[in-house]
Amino acid sequence: MLIKNILALMRYIQDYNFKDKKALIRVDFNVPLNANLAITDSTRIDKTLPTILQVLKDGGSAILISHLGRPKKGYTDSLSLKHLIPYLSNKLNTQVSFASDCIGIEAITKAQNLKPGEVLLLENLRFQEAEEQGEAAFAQQLAALGDVYINDAFGAAHREHASTYQITHYIKDRLAGYLLQEEINNANKLLKHIKRPFTVIIGGTKIGDKLQAVEALLGKLDNLLIGGGVANTFQQALGGKVGKSITEPDQHGVALNILYQAIEKGINLVLPTDVVIADQWSDRARIDTVLSDAVPENWMALDIGPHAQELFQDIIQKSKTILWTGPIGAFEFPSFSQGTQATIAAVAKATQKGAFSLIGGGDSATAVAQFGYTNRVSYISTGGGALLAYLANPNLPVIKVLGN
Ligand code: ADP
Ligand code: MG
C-alpha cells in the first residue's frame, strides 16, 4: 500500500515539457577521484545522463547541482566539481559552463543567461554549510535559479538537505528523474515480493549509517551476514579483542540490540568465525589468519577468513533474495580481497539460479565492477545508505515531496 501511494503521488519528467524551461537538477555526482583528480568510476554521472538529455531534447536548459565528498570546512580544491567538466562536456556533447559557487551573483548571472540546450554546473553544494543544515534561505536562493526542479540523486535521498528537501518548498514543479525512478522500481521489486530465504549482507566502514537501517529491516529478513568494519564493531561490542581494527564504538548499543533482536526473531545472524589480519594498512603488511575475537594488539582485521568465506557462500547460494552493501574486506588490496570476491561469486551464482540480488554502496559497486560481475547481479544501486534507508522505510521525505 505504502509503496503504491508514493509512486502514484510522484510526478515524472516524462510527463513534463521542458521547452524554454530552466531545469534545476539535483544530481548525485559524488564520484571517486584519484590523486590526479581523474574520475575512477563514472557510473553515477553516466546514469543521470538520460535525465539531462531529456531536458535538452525538449528545448530546455539544465542547471546541475550536486555534492562531492565530505568537505570539512568550505572550499577544498580536490572536492571541486570543476574537475568533472571535461568528462561531462564530452558525454553531453556540449561545453558545460561552471559557476564557482552554487549561490551568489555568478550563479545567478550564468543561470539567467542560459539558453535552451545549454548546461550549467554549479560548485559543490557542501562547500556551503547551509546545505547539510538544510537552511531555508539557502534553499530559497537555489530554488530561484530554475523554473522547475528535478531530483535524480537517489544516493542522497535519505538526507533532508537544502538541495534535496527544503528547496522543494520554494519551487512549484518538482519531478522525479529517470535514475530516481529506476532506483525506486528496483528497490520496490525487492520489497513487494520477498522470496525466501532473504539474506542481507553488510560490510564496509560507514557503520552507523548501515546499522540503523538494518535494525529497521530486521522484521523482514532470514539471514544477516556481517563482514568488514561492521563485523569488528560487533566483535568489540561482545567483548572480543579486535586490536586496532576499524570499529565504531558508539554503535555498540545498536549492534547489541541487533544481536538480541536477531535471537528473538529467529534470524540467522552470522559473524565471521575467522579473519585475515595485517600489521599495517598496506599490501606489504605481514599477514595472518586468526579467530575473529582474538586479533592481537597492533594488528587489524582486514578481511574475513577462509572458514567464514565458506559459511557466507553456503548461505548466499541458498538465498532467493539478496541485499548487499559494504565490502567484506579491504578489497582494494589483493591480499584482503578474497572475502569480497567469494561473496560476489556466490551472489552471482544465486542470481543465475533465479534469486533477485540488489547491491548498493559506491565502494561495493566498484568492487563488483572490478571483479567482473557487473552483469551477473540483478541491479546495482547508486545508493548505499539511501538504499538501506528506503528499504527500511520507503516513506522518505525527500521522495515524498516530489509532485504534490
Ligand atoms: P560502500 O561505499 O559500499 O557503502 P563503505 O564506504 O561503507 O562501503 O566502505 C568501503 C570501504 O570499506 C572500502 O574502502 C574497504 O577498504 C573498507 N573495508 C572493508 N572491510 C574493512 C576492514 N575490515 N577494515 C578496514 N576497512 C575495511
Ligand atoms: Mg563508500
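Since this is a predicted model, take the numbers as computed values, not measurements. The first residue of the sequence shown is numbered 1, and numbering continues consecutively from there. Counting starts at 1 for both ligands and their atoms, in listed order.
Residue contact check for ligand 1: M300 places no non-hydrogen atom closer than 4.0 Å to it.
Summary of contacts: the protein heavy atom closest to atom 7 (O) of ligand 1 is K210 NZ, 2.5 Å. Nearest non-hydrogen protein atom to atom 23 (N) of ligand 1 is A301 O, 3.0 Å.
Atom CD of Q14 sits in a crowded spot, with more than 12 heavy atoms from other residues, nucleotides or ligands closer than 6.0 Å.
Of the charged side-chain nitrogens involved, none lies within less than 4.0 Å of a carboxylate oxygen, so that D147 and K21 do not count as a salt-bridged pair. Under 4.0 Å is where a charged nitrogen must lie from a carboxylate oxygen, and between R159 and D209 at least one such pair does. Taking 4.0 Å as the cut-off between side-chain N and carboxylate O, R26 and E131 count as a salt-bridged pair. Ion pairing between a basic and an acidic side chain is recognised when a charged N comes within 4.0 Å of a carboxylate O; R11 and D173 show such pairing.
For D303, no nitrogen or oxygen atom sits less than 3.5 Å from a nitrogen or oxygen atom of ligand 1, counting backbone and side chain alike. Ligand 1 has an N or O atom lying under 3.5 Å from an N or O atom of S364, backbone or side chain. At under 3.5 Å, not a single nitrogen or oxygen of G384, backbone or side chain, sits near a nitrogen or oxygen of ligand 1.
Both the backbone and the side chain of D363 come within 4.0 Å of ligand 1, counting heavy atoms alone. The residue S245 has no part lying near ligand 1, judged by heavy-atom distances below 4.0 Å. Heavy atoms of W281 found under 4.0 angstrom from ligand 1 belong exclusively to the side chain. Contacts between E332 and ligand 1 below 4.0 angstrom, taking non-hydrogen atoms only, involve the side chain exclusively.
A side-chain donor from one of Q341 and S337 sits under 3.5 Å from a side-chain acceptor of the other. For the residue pair Q54/Y178, the side-chain donor-acceptor check at 3.5 Å is satisfied.
Within D363, the N, O or S atom at minimum distance from the Mg ion (ligand 2) carries the name OD2.
The residue from P32, G339, G229 that puts a heavy atom closest to atom 21 (C) of ligand 1 is G229. Considering only non-hydrogen atoms, atom 25 (C) of ligand 1 lies nearest to I246 out of L387, V230, I246, V242.
Annotation for ligand 1: atoms under 4.0 Å from non-hydrogen atoms of K206 are 6 (O), 7 (O).
A 4.5 Å side-chain heavy-atom check between I344 and F331 finds every atom pair outside the cut-off.
Between H169 and Y165, the ring planes are perpendicular. Angles over 60° get that label, and only those under 30° would be called parallel.
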